[in-house]
Amino acid sequence: MSTESVPQPSNFLRTIIEDDLACGKHQVIVTRFPPEPNGYLHIGHAKSICLNFGLARHFGGRCHLRFDDTNPAKEELEYIESIKESVHWLGFDWGQHLFYASDNFEQLYQWAEYLIQQGKAYVEDLTADEIRAYRGTLTESGKESPYRGRSVEENLGLFRRMKSGEFPDGAKVLRARIDMTASNMNLRDPVLYRIIHAPHPHVGNTWCIYPMYDFAHGQSDAIEGITHSICTLEFEDHKPLYEWFLANLPVPSQPRQYEFARLNLTYAVMSKRKLHELVNQHIVNGWDDPRMPTLMGIRRRGYTPEAVRAFCERIGVGRSDSWIDMSVLEECVREDLNERTPRVLAVLRPLKVVIDNYPDELVDEFEAANHPQKPEMGSRTIRFSREIFIEQDDFAEAPPKGFFRMTPGSEVRLRYAYIVRCTGVVKDENGTVIEVHCQYDPASRGGSAADGRKIKGTIHWVSASHAIDAEVRLFDRLFTDPNPDRGGADYKQFLNPHSVEVLSAAKLEQHLATADPEIRYQFERQGYFRPDPLDSEPGRLVFNRIVTLKDAWSKK
RNA sequence: UGGGGCGUCGCCAAGCGGUAAGGCACCGGAUUUUGAUUCCGGCAUUCCCAGGUUCGAUCCCUGGCGCCCCAGCCA
């Protein structure tokens, strides 16, 4: 794919790995994509997936898929399945390397007892509120819990009773004994285990105590032999704790954590909370709504995995907070679709045109190229007759300066067909043009004038008696503001009221009657479209607009 | 005002002491039966600011300024 062949500039992660390989620290690198199965994946996750799988592929290593499933209160099987499907859709394969943090629960439990035995963990009886109060603030150090000094035996007994289900949710937690005065809050005796009497999506009812992220993540990395544990910036403050566990537990390997800046996209929101809200409040029609930045959404809309991968390559990886322009994503989609889609003529907002000097019953046929720059993509036949439809926007009774489409008195080319001249219009009682009359030039068959005169404008059309009907959904950005997320304001006030426009009377060339949902098309002069995989069916076609074509005219 | 991180063109991003890559956006112009594509050309005497070291600094030092993250029994 041409979009992926451009050499990529280096980034700090590649540099680190190159150095680790060069000095012999590692023979082979192992990365992992570690989602929590508590929601659906979005374009931000795609960046992480492409990074982790891409780095492994680039350096001949491997990448694991690991579910960080340590909190059964929020996780579901449905999400596990969806996440696997999205990663595959994006084009990556973890092979045999599918892992669950929950598969390590027994080992993690043993390590927790080990820490207790070393005097480095204790059972806490303080309530959640009390723990918070004892933790201190950003500027004041914390206080030690009165339960911090329990004996190893007492801690072990209590922890085992926690495990056996003797206590209700929240009654006790296991804490690491580190330093209540640490300036890094994560080191102020972090909670290691909490009691949750809930079935787990992967390991069922075997446990009622569950490890916290911090106690599971690094150790799982170590168990899997991860060499480079890549996460987002907000985990940087957790690194000392990550390393504390690796240093204080007999783990089988020593992974290293590196952080990068998460993806932010203009005109979109990415937080799980906001995405949930859009769905729950029916602002969008589900997680796979084509306007959503979820992988399910953009997939349904018609974005290709190739385009998403090209996007992830193009934006680079860094450590500074960044907001990528939506136009970068859109341009990646266009670049891919421009290469691969067959062209087709489709009239979205039909305006009837009658060619008065064209024989009533005559039907002409033209060969239309499927791709003007790629003859190998072939051609198809399109039919022409006396009555056709053109785009309402392609006609102007009083054209603005520079308009070179159909207008009274002047000539315009009907793509692949004939040159026509508008001779008159029919209006309804409101003065709206409802029909246009033309004369065609019989000597211009195919669209070229016999005398070689230049025709500036070419518009698309569809034969009225041959066209098929379809619904077309025009999607646009969900928000009107580039940063709906920014500062205090409610992001919902920036919702774009025109993020979807449904055109129910579109007219398509006959060729599209059997459109395969997996095939994308370019509707010439308009954009890229594909049949909606859920709602389109033979006889009741529904097309989604994936992205518009660039349009230098509308900018003026 | 505790700790951690970041600051190179409107948005990303290379650069790692030797005199500012690239992409998107934008602005021209050429070709065009898609106002698309393609193609040419333009677009940071300057790297948050101020000092310092050096023959030479975006890269080193010092001091400022700005922005982000952290006080879940979430990840």
Side-chain angles (χ1 to χ4, degrees), chain A residues 6-11 15 34-36 38 68-71 73-75 124 126-128 131-133 135-142 169-175 182-188 190-196 210 212-214 216-217 231-240 259 261 266 272 313-332 334-335 338-339 343 345 368-369 371-373 402-405 413-417 419 446-448 455-460 482 522-527 548-556:
Chain A
V6 276
Q8 284 309 297
S10 91
N11 62 54
T15 304
E36 181 190 15
N38 68 344
D68 252 342
D69 53 353
T70 55
N71 186 357
K74 295 185 172 178
E75 299 155 6
E124 173 66 271
L126 253 29
T127 65
I131 289 176
R132 186 178 313 116
R135 186 152 35 222
T137 68
L138 295 178
T139 52
E140 307 160 53
S141 72
D169 286 9
K172 297 182 188 316
V173 292
L174 181 72
R175 290 231 256 172
S183 49
N184 182 333
M185 302 290 280
N186 294 119
L187 264 16
R188 319 243 266 223
V191 170
L192 268 28
Y193 268 91
R194 68 302 208 187
I195 301 169
I196 303 175
Y210 292 92
M212 295 288 287
Y213 161 86
D214 285 306
H217 198 92
C231 60
T232 44
L233 252 22
E234 66 270 27
F235 289 98
E236 182 146 37
D237 287 340
H238 293 245
K239 185 146 64 177
E259 312 82 21
T266 57
K272 235 165 230 179
E313 293 259 307
R314 187 167 293 184
I315 60 178
V317 201
R319 290 176 57 85
S320 49
D321 295 320
S322 59
W323 290 86
I324 306 292
D325 251 68
M326 183 63 94
S327 65
V328 179
L329 210 207
E330 292 171 340
E331 190 52 20
C332 286
R334 288 191 192 100
E335 282 179 20
N338 176 50
E339 289 293 314
R343 272 57 173 171
L345 303 185
H371 189 124
Q373 283 80 37
F403 186 85
F404 44 86
R405 309 186 203 186
R413 175 186 296 110
L414 295 177
R415 170 138 249 223
Y416 295 120
I419 294 169
S448 304
I455 301 298
K456 181 71 172 163
T458 299
I459 63 175
H460 60 279
Q522 184 196 94
F523 287 4
E524 290 207 27
R525 304 208 306 132
Q526 313 205 79
T548 61
L549 246 34
K550 273 198 225 173
D551 182 1
W553 166 248
S554 70
K555 280 179 192 154
K556 296 185 177 173

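Below, chains carry the letters A, B, ... as their sequence lines are ordered, and counting in each starts from 1.
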Engineer: Sub-3.5 Å donor-acceptor pair from the side chain of T458(A) to the main-chain atoms of R413(A), do we have one?
Structural biologist: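 No; judged by distance alone, with no hydrogens or angles, the pair does not exist.
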Engineer: Could you check if the base of rG72(B) is syn or anti? Syn means the glycosidic torsion is within 90 degrees of 0.
Structural biologist: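 This nucleotide is in syn.
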Engineer: Between Y213(A) and rA75(B), do the rings stack, that is, sit under 5.5 Å apart with planes less than 30° off each other?
Structural biologist: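 Not stacked: fails the 5.5 Å / 30° test.
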Engineer: Where the side chain of N71(A) is concerned, which of rA14(B), rC74(B), rA36(B) is the nearest nucleotide?
Structural biologist: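 The nucleotide sitting nearest to the side chain is rC74(B).
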Engineer: Which whole number of Å gives the distance between the C1' atom of rG42(B) and that of rG5(B)?
Structural biologist: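 Straight-line distance between the two C1' atoms is 37 Å.
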Engineer: Do Q373(A) and rU38(B) have a side chain to base donor-acceptor pair shorter than 3.5 Å?
Structural biologist: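 Looking at the base of rU38(B), it does not pair with any donor or acceptor on the side chain of Q373(A) (distance under 3.5 Å).
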Engineer: Side chain of I315(A) only, heavy atoms from C-beta on: which candidate in rG2(B), rA75(B), rC12(B) is closest?
Structural biologist: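 Output: rC12(B).
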Engineer: Describe the nucleic acid contact of E330(A) in one word from base, sugar-phosphate, nothing, applying a heavy-atom distance below 4.0 Å.
Structural biologist: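 Nothing: the residue E330(A), judged by heavy atoms under 4.0 Å, touches no strand.
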Engineer: Report the residue (I455(A) or D169(A)) whose heavy-atom-nearest nucleotide on RNA chain B is the more 5′ of the two.
Structural biologist: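 Its nearest nucleotide being more 5', the pick is I455(A).
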Engineer: Sticking with atom P, work out how far rA57(B) lies from rA50(B), rounded to a whole angstrom.
Structural biologist: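 Roughly 14 Å separates the two P atoms.
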Engineer: Measure the distance from NZ on K550(A) to C1' on rU37(B) and round it to the nearest whole Å.
Structural biologist: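 K550(A) atom NZ is separated from rU37(B) atom C1' by 9 Å.
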Engineer: At 4.0 Å (heavy atoms only), tell me whether L192(A) reaches a base, stays on the sugar-phosphate, or touches nothing.
Structural biologist: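 Counting heavy atoms under 4.0 Å across all strands, no contact is made by L192(A).
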Engineer: I need the CD1-C1' distance between I195(A) and rC74(B), as an integer number of Å.
Structural biologist: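 The answer, rounded to whole Å, is 17 Å.
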Engineer: For G402(A), answer base if it contacts any base atom (sugar-phosphate contacts may also be present), sugar-phosphate if it contacts only those atoms, and nothing otherwise; contact means non-hydrogen atoms under 4.0 Å.
Structural biologist: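 Since a base atom lies under 4.0 Å of G402(A), the category is base.
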Engineer: Considering every strand and a 4.0 Å limit on heavy-atom distances, what is the contact class for I131(A): base, sugar-phosphate, or nothing?
Structural biologist: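 Contact class for I131(A): base.
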Engineer: When both hydrogen-bonding distances must be under 3.5 Å and the geometry is Watson-Crick or G-U wobble, what is rC6(B) paired with, if anything?
Structural biologist: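 rG66(B) - that is the nucleotide pairing with rC6(B), both distances being under 3.5 Å.
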Engineer: In B/S/- notation, 5' to 3', how is nucleotides 66-72 of chain B contacted by protein heavy atoms closer than 4.0 Å?
Structural biologist: --SBBBS
Engineer: So what's rU1(B) paired with, Watson-Crick or G-U wobble, going by both distances under 3.5 Å?
Structural biologist: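 By the stated definition (distances under 3.5 Å), nothing pairs with rU1(B).
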Engineer: Contact class for P372(A) vs. all strands (heavy atom < 4.0 Å): base, sugar-phosphate, or nothing?
Structural biologist: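 Here P372(A) touches the bases of the nucleic acid.
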Engineer: Look at the side chain of D237(A) and the backbone N and O of N184(A), then say whether any donor-acceptor pair between them is shorter than 3.5 Å.
Structural biologist: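 Side chain of D237(A) to backbone of N184(A): no pair is present.
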Engineer: Given the rule in the side chain to side chain contact (heavy atoms under 4.5 Å, CB included) test, do Q522(A) and L549(A) qualify, once you have shown the distances and angles that lead to the verdict?
Structural biologist: CA-CA 9 Å; Q522(A) 184 196 94; L549(A) 246 34; 3.7 Å; yes
Engineer: Rounding to an integer number of angstrom, what distance separates rU31(B) and rC40(B) when you compare their P atoms?
Structural biologist: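 Going atom to atom, P in each nucleotide, I get 15 Å.
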Engineer: Between rG35(B) and rG18(B), how many Å separate the two C1' atoms, rounded to a whole number?
Structural biologist: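 Comparing C1' positions in rG35(B) and rG18(B) gives a spacing of 48 Å.
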Engineer: Between rU58(B) and rC48(B), how far apart are the C1' atoms? Round to whole Å, please.
Structural biologist: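 Their C1' atoms lie roughly 12 Å apart.
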Engineer: Can you tell me if S320(A) touches the phosphate of rC12(B), counting only side-chain N or O atoms and a distance under 4.0 Å to OP1 or OP2?
Structural biologist: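 No, because none of the side-chain N or O atoms of S320(A) sits under 4.0 Å from OP1 or OP2 of rC12(B).
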Engineer: Ignoring backbone atoms, establish whether R405(A) has a side-chain N or O less than 4.0 Å from OP1 or OP2 of rG35(B).
Structural biologist: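 For R405(A), the contact criterion (side-chain N or O under 4.0 Å from OP1 or OP2 of rG35(B)) is not met.
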Engineer: Rounded to whole angstroms, how far apart are CZ on R334(A) and C1' on rU38(B)?
Structural biologist: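 So the CZ-C1' distance, R334(A) to rU38(B), works out to 16 Å.
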Engineer: If I pick the C1' atom on rA13(B) and the same atom on rC6(B), what distance separates them, to the nearest angstrom?
Structural biologist: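 One C1' to the other, the span is 15 Å.
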Engineer: Applying a 4.0 Å non-hydrogen cut-off, can you work out what F403(A) is touching in the nucleic acid: base, sugar-phosphate, or nothing?
Structural biologist: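 Base, at least one base atom sits under 4.0 Å.
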Engineer: What distance do T232(A) atom OG1 and R319(A) atom CZ have between them, rounded to the nearest 0.5 Å?
Structural biologist: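 Taking OG1 in T232(A) and CZ in R319(A), the distance rounds to 11.0 Å.
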Engineer: With both distances under 3.5 Å as the test, what is the Watson-Crick or G-U wobble partner of rC60(B)?
Structural biologist: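 Result: rG52(B).
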Engineer: rC26(B) pairs with which nucleotide, Watson-Crick or G-U wobble, both distances below 3.5 Å?
Structural biologist: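 Base-paired to rG42(B).
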Engineer: To the nearest Å, give me how far apart CG (D325(A)) and P (rC9(B)) are.
Structural biologist: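 It works out to 14 Å between those atoms.
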Engineer: State which residue, out of R343(A), R415(A), H460(A), fulfils the side-chain hydrogen bond (donor to acceptor under 3.5 Å, both in side chains) condition with E524(A).
Structural biologist: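 Of the listed options, the one satisfying the test is R415(A).
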Engineer: If we only count heavy atoms from C-beta on, is the M185(A) to T137(A) side-chain gap below 4.5 Å?
Structural biologist: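 In short, these two side chains do not touch, never coming nearer than 4.5 Å.
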Engineer: Check whether any side-chain heavy atom of V173(A) lies under 4.5 Å from a side-chain heavy atom of M212(A), and answer yes or no.
Structural biologist: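 A side-chain contact is absent here, since even the closest heavy-atom pair is not under 4.5 Å.
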Engineer: Does S327(A) place a side-chain N or O at less than 4.0 Å from the phosphate oxygens OP1/OP2 of rC12(B)?
Structural biologist: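 For rC12(B), neither OP1 nor OP2 has a side-chain N or O of S327(A) closer than 4.0 Å.
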Engineer: Take atom C1' in rG41(B) and the same atom in rC59(B), then report the distance between them in whole Å.
Structural biologist: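 Comparing C1' positions in rG41(B) and rC59(B) gives a spacing of 32 Å.
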Engineer: Given side chains that start at C-beta, do those of H371(A) and E339(A) come closer than 4.5 Å, heavy atoms only?
Structural biologist: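 Not in contact.
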Engineer: Measure from the side-chain N and O atoms of R194(A) to the backbone N and O of D169(A), and report whether any donor-acceptor pair falls under 3.5 Å.
Structural biologist: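 No, the answer is negative, given that no donor and acceptor are paired below the 3.5 Å cut-off.
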Engineer: How many Å lie between CE on M326(A) and P on rC26(B), as a whole number?
Structural biologist: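 That distance rounds to 16 Å.
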Engineer: Considering just the side-chain nitrogens and oxygens of R194(A), establish if one lies under 4.0 Å of OP1 or OP2 belonging to rC74(B).
Structural biologist: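 Result: yes.
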Engineer: Could you state the CG-P distance from N11(A) to rC6(B), rounded to the nearest angstrom?
Structural biologist: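 Result: 15 Å.
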Engineer: Separation of W323(A) atom CH2 from rA13(B) atom C1', in whole Å?
Structural biologist: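 The answer, rounded to whole Å, is 18 Å.
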Engineer: Tell me the interatomic distance from R413(A), atom CZ, to rG35(B), atom C1', rounded to whole angstroms.
Structural biologist: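 That distance rounds to 13 Å.
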Engineer: What integer number of Å spans the P atoms of rG3(B) and rG63(B)?
Structural biologist: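 One P to the other, the span is 14 Å.
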Engineer: Pick the nucleotide of RNA chain B nearest each of A261(A) and H217(A); which residue has the one closer to the 5' end?
Structural biologist: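 The 5'-side residue here is A261(A).
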Engineer: Within the supplied structure, the quantity of interest is the number of heavy atoms (other residues, nucleotides, ligands) at a distance under 6.0 Å from K456(A) NZ; does it exceed 12?
Structural biologist: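 For K456(A), atom NZ is not crowded (no more than 12 foreign heavy atoms under 6.0 Å).
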Engineer: Quick one: is K239(A) getting a side-chain N or O under 4.0 Å of the rG4(B) phosphate, OP1 or OP2?
Structural biologist: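 No, no such contact exists.
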Engineer: Check whether any side-chain heavy atom of H217(A) sits under 4.5 Å from a side-chain heavy atom of P34(A), and report yes or no.
Structural biologist: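 Heavy-atom side-chain distance check passes, below 4.5 Å.
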Engineer: With a non-hydrogen cut-off below 4.0 angstrom, is T127(A) in contact with a base, only sugar-phosphate, or nothing?
Structural biologist: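 Contact class for T127(A): base.
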Engineer: rA75(B), OP1 or OP2 - any side-chain N/O from T70(A) closer than 4.0 Å?
Structural biologist: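 For rA75(B), OP1/OP2 do have a side-chain N/O of T70(A) under 4.0 Å.
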